4 protein chains.
Amino acid sequence: MPKVSAGHRAARRQQILDAAARCFARDGFHNTSVHDIVRESGISAGLVYRYFAGKEDMIVAIVTEWHERRRAVVESSTADFADLVSGYLGLLRSIGDPDARDGLRLGVQVWAEAVRSPRISELTRSGIDVPRSGAAKRVKNAQRNGELPSDLDPDSLVRIFVAVYQGLALQTVLDDDLDHAAFVRTLELLLDKVARPAASGPPAAG
Amino acid sequence: MPKVSAGHRAARRQQILDAAARCFARDGFHNTSVHDIVRESGISAGLVYRYFAGKEDMIVAIVTEWHERRRAVVESSTADFADLVSGYLGLLRSIGDPDARDGLRLGVQVWAEAVRSPRISELTRSGIDVPRSGAAKRVKNAQRNGELPSDLDPDSLVRIFVAVYQGLALQTVLDDDLDHAAFVRTLELLLDKVARPAASGPPAAG
Amino acid sequence: MPKVSAGHRAARRQQILDAAARCFARDGFHNTSVHDIVRESGISAGLVYRYFAGKEDMIVAIVTEWHERRRAVVESSTADFADLVSGYLGLLRSIGDPDARDGLRLGVQVWAEAVRSPRISELTRSGIDVPRSGAAKRVKNAQRNGELPSDLDPDSLVRIFVAVYQGLALQTVLDDDLDHAAFVRTLELLLDKVARPAASGPPAAG
Amino acid sequence: MPKVSAGHRAARRQQILDAAARCFARDGFHNTSVHDIVRESGISAGLVYRYFAGKEDMIVAIVTEWHERRRAVVESSTADFADLVSGYLGLLRSIGDPDARDGLRLGVQVWAEAVRSPRISELTRSGIDVPRSGAAKRVKNAQRNGELPSDLDPDSLVRIFVAVYQGLALQTVLDDDLDHAAFVRTLELLLDKVARPAASGPPAAG
DNA sequence: TATGAATGAGCATTCATTCAT
DNA sequence: CATGAATGAATGCTCATTCAT
């Protein structure tokens with residue numbers, strides 16, 4: 001039987017992760033010492049190591065948490081293509097939310113770690129694979145329904161959308177001059193030009 | 001008057017930068033010690049510091065070099081919109097070149113550094129600003145010529161292209177499953193649907 | 001609440017300071033590496049830095065400790081001029097004590113540091129200012145009492161005594177041939193010639 | 001036959017020593033790198049090492065030069081006690097000269113080095129021994145002449161004068177509040193009280 | 001003779017991690 | 001369970017000194 005309740009453990013764990021996320025987003029992964037996290041979280045060094053084997057484990061936990069939250073959102077949505085698009089646009093819009101900034105900064109750190117750590121690389125990939133293949137399936141449906149031109153490779157199309165998301169996240173973090181609303185609006189116009197005509201009449205290739 | 005020729009100095013400098021780039025791409029910026037660069041370059045620690053004040057200066061030098069090379073390419077191209085697009089597609093294709101892999105990995109490291117270092121952030125931005133505003137100008141021309149729909153915000157459109165580039169680079173680094181050729185081909189098809197109709201005849205929606 | 005007692009902390013701190021003082025006195029401030037202090041004290045490098053931010057802080061701590069000890073002595077003495085003189089002579093005699101040798105050697109190092117470090121210069125001055133102005137007050141009293149000729153500038157007179165102290169300390173450290181007892185005895189005779197006549201009868205020049 | 005004239009060699013040598021003295025006085029002996037001296041002197045590192053084996057040799061050369069200059073002064077003076085005193089007072093006064101400041105600062109550095117370097121210690125002592133024993137001889141003469149009380153130990157008396165000189169030098173360097181003129185005037189008054197009565201009439205002890 | 005490029009040992013300092021309390 | 005004192009290897013960097021030119 002555990003000495004402290006599972007709830008207490010979970011709260012402690014979250015307390016550490018929140019502090020770590022704050023530090024990583026603020027100072028970067030490698031410029032955050034474990035001591036910084038100790039200070040930020042108010043939890044002693046020894047205890048931190050009873051929850052996590054080291055800094056990398058914290059990154060892994062944070063990213064895993066993201067994936068779980070995202071998976072819940074993805075699974076709750078319908079298979080409808082219009083829903084996919086509106087969900088995607090909602091995602092893009094959420095990038096502009098100032099509250100999301102820390103998460104974006106942290107995300108860039110995760111990318112950098114994924115480049116050199118197979119473990120984080122694998123984790124990152126595994127979190128994207130499921131929603132991406134789910135989206136690809138819906139793209140195929142949309143092509144069958146004539147909502148989308150059928151000459152487009154579904155997997156690549158989804159990857160392009162993912163790329164736009166990633167690039168927007170990056171530019172948001174690195175460039176204060178970015179006009180986020182205009183970016184999303186312009187992307188919406190582009191989507192209309194590609195998807196709408198096919199949905200309301202004969203395919204463009206006809 | 002220097003004791004060694006300017007060429008020798010430049011070669012030494014490049015020798016250090018190449019070794020540093022290799023190390024940074026392989027192990028990440030922060031997991032590369034100066035000693036690693038010393039070993040990789042075959043140049044003594046003391047001498048390394050006669051060329052660079054520290055590791056950050058090496059990153060700065062590498063990125064600056066990228067910018068200079070890119071600027072040369074950009075300035076040599078015409079103002080034609082079709083050229084812009086084909087140049088862009090060429091850039092995307094170059095991402096698939098195995099020789100470019102190290103550069104991409106390094107690029108992700110630079111993004112992560114830019115998040116927390118104003119100096120690198122500024123450097124990164126300044127290298128992108130010029131080609132981006134140049135591209136925006138050509139987009140405006142294309143809109144005047146009817147090659148592109150005029151309801152699209154030029155700056156945002158360019159940012160979207162940049163985002164796709166950045167996202168493709170990231171996915172190339174993080175995901176071996178990526179079908180690079182299909183990605184570019186699909187993007188090309190998308191561009192055709194947006195740009196060609198306006199250039200060669202009445203808009204599809206007309 | 002600290003994990004170790006305040007006493008333990010103080011003892012550790014003193015352990016480091018004693019080792020540092022030994023090293024500084026033996027090898028000089030700049031020829032003592034932190035590693036030397038680590039070896040001499042038996043305390044790990046990391047822990048040393050939990051007590052002191054660097055070598056300079058150790059010098060500062062050592063000198064501060066001196067000042068505190070001296071201040072305690074000064075404050076406990078009476079305002080009597082004879083006491084001042086006998087206290088001064090006691091100080092001079094203590095210079096001859098072999099146990100004081102390390103402190104003298106260290107003191108010369110401190111002078112050298114004070115020349116180029118405003119922080120140590122300020123510290124050194126602040127430790128001397130109080131006893132010196134205290135002594136000057138007593139000199140003025142002695143002049144009012146006729147114990148000392150009134151044409152002597154009190155502040156300068158005190159500075160001369162301080163200078164003799166400093167010079168004796170220096171010669172003790174640098175010159176083994178010094179006959180310390182003779183030095184103090186001779187100084188005492190000189191003091192008699194200046195001070196006693198005024199105290200016990202009409203001035204010699206009268 | 002030498003490749004460059006002896007004069008040229010001597011000038012080079014002096015150029016290095018002057019630069020070194022400036023650096024040592026400004027930054028302290030140990031915070032001056034050989035490269036600093038190279039920069040300050042305008043002479044290349046390699047050449048510096050053809051004139052001096054290292055920094056310590058420069059200190060030795062500078063101090064030796066001082067001693068030679070002082071010896072010339074001492075040897076040119078008469079054996080008269082009044083001359084000795086006035087020469088001594090002149091020396092004290094020269095301490096107040098702003099142009100002498102660098103020399104004083106350097107002198108303190110030399111003391112600190114002498115503490116830990118037998119070579120510099122020996123050098124320092126040897127430079128003082130001769131003038132000190134010369135002065136002691138003249139003190140003995142003065143005692144025979146009745147100019148000075150005969151109960152004073154000549155060697156100690158000279159050492160006291162040296163101590164005052166050293167202490168004044170130190171205080172001049174470390175304490176801007178020092179009133180140099182008052183110091184010397186007060187010392188002069190003290191000397192009068194000790195020496196004059198004996199010179200113009202019967203000894204005080206009579 | 002004169003240069004300054006080049007070396008590499010040595011420095012102060014930090015940090016992830018452990019463990020006695 | 002919880003603490004934070006303690007460790008010591010590793011880091012970025014400097015510097016006296018050498019030597020090819």
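Owing to the predicted nature of the structure, the values given are computational and were not obtained by experimental measurement. Each chain gets a letter, A, B and so on, in the order the sequences are listed, and its residues count up from 1.
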Report the residues that fulfil side chain to side chain donor-acceptor pair (under 3.5 Å) with [X], sequence neighbours left out, ordered by chain and then residue number.
X	answer
A:S44	none
D:R13	none
B:R101	none

Discussion item. Under 4.0 Å, heavy atoms only, any strand: does A:F52 hit a base, just the sugar-phosphate, or nothing?
Written reply: nothing
Discussion item. Does A:R12 reach a base, just sugar-phosphate, or nothing at all? Heavy atoms under 4.0 Å.
Written reply: sugar-phosphate
Could you check how far [atom1] of [X] sits from [atom2] of [N], rounded to whole Å?
X	N	atom1	atom2	answer
C:R39	E:dG10	CZ	P	12 Å
A:F29	E:dC15	CZ	P	14 Å
D:I37	E:dG4	CD1	P	17 Å
B:D36	F:dA10	CG	C1'	11 Å
C:R9	F:dA6	CZ	P	8 Å
C:I59	E:dA12	CD1	P	13 Å
D:E56	F:dT17	CD	C1'	15 Å

Practice prompt. Using side-chain contact (heavy atoms from CB on, under 4.5 Å) as the criterion, list what pairs up with D:A114, not counting sequence neighbours.
Written response: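 Scan of D:A114 (side-chain contact (heavy atoms from CB on, under 4.5 Å), adjacent residues dropped) gives C:L174, D:I120, D:S121, D:T124.
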Donor-acceptor pairs are to be reported for all side-chain atoms of residues 56-64 of chain B against protein atoms at under 3.5 Å, with residues two or more places apart or in another chain.
{"residue": "B:D57", "atom": "OD1", "partner": "B:R119", "partner atom": "NH1", "Å": "2.8"}
{"residue": "B:D57", "atom": "OD1", "partner": "B:R119", "partner atom": "NH2", "Å": "3.1"}
{"residue": "B:T64", "atom": "OG1", "partner": "B:V60", "partner atom": "O", "Å": "2.6"}

Fill in: Under-4.0 Å side-chain N/O to phosphate OP1/OP2 contact, C:H8 with E:dT21
no
Fill in: Separation of C:F24 CZ from C:I37 CD1 (nearest 0.5 Å)
4.0 Å
Discussion item. Considering only residues two or more places apart or on different chains, which pairs with a residue in residues 38-67 of chain B satisfy ring-ring contact (aromatic ring centres under 6.0 Å, His included)?
Written reply: none
Worksheet item: Is there a donor-acceptor pair under 3.5 Å between the side chain of C:K55 and the backbone N or O of C:T32?
Response: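 Checked: pair present.
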Discussion item. Listing request: all side-chain hydrogen bond (donor to acceptor under 3.5 Å, both in side chains) pairs with a residue in residues 18-30 of chain B, at least two apart in sequence or in separate chains.
Written reply: B:Q14-B:D18, B:R22-B:E40, B:R26-B:E40, B:H30-B:E113
Worksheet item: Paired stems touching DNA chain F, three or more consecutive Watson-Crick or G-U pairs with both distances under 3.5 Å?
Response: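 So the stems come out as E:2-21 with F:2-21.
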Please tabulate, one pair per line, each protein N/O and nucleotide N/O from nucleotides 14-16 of chain F that are separated by under 3.5 Å, including the distance.
{"residue": "F:dA16", "atom": "OP1", "partner": "D:K55", "partner atom": "NZ", "Å": "3.4"}
{"residue": "F:dA16", "atom": "OP2", "partner": "D:V34", "partner atom": "N", "Å": "2.7"}

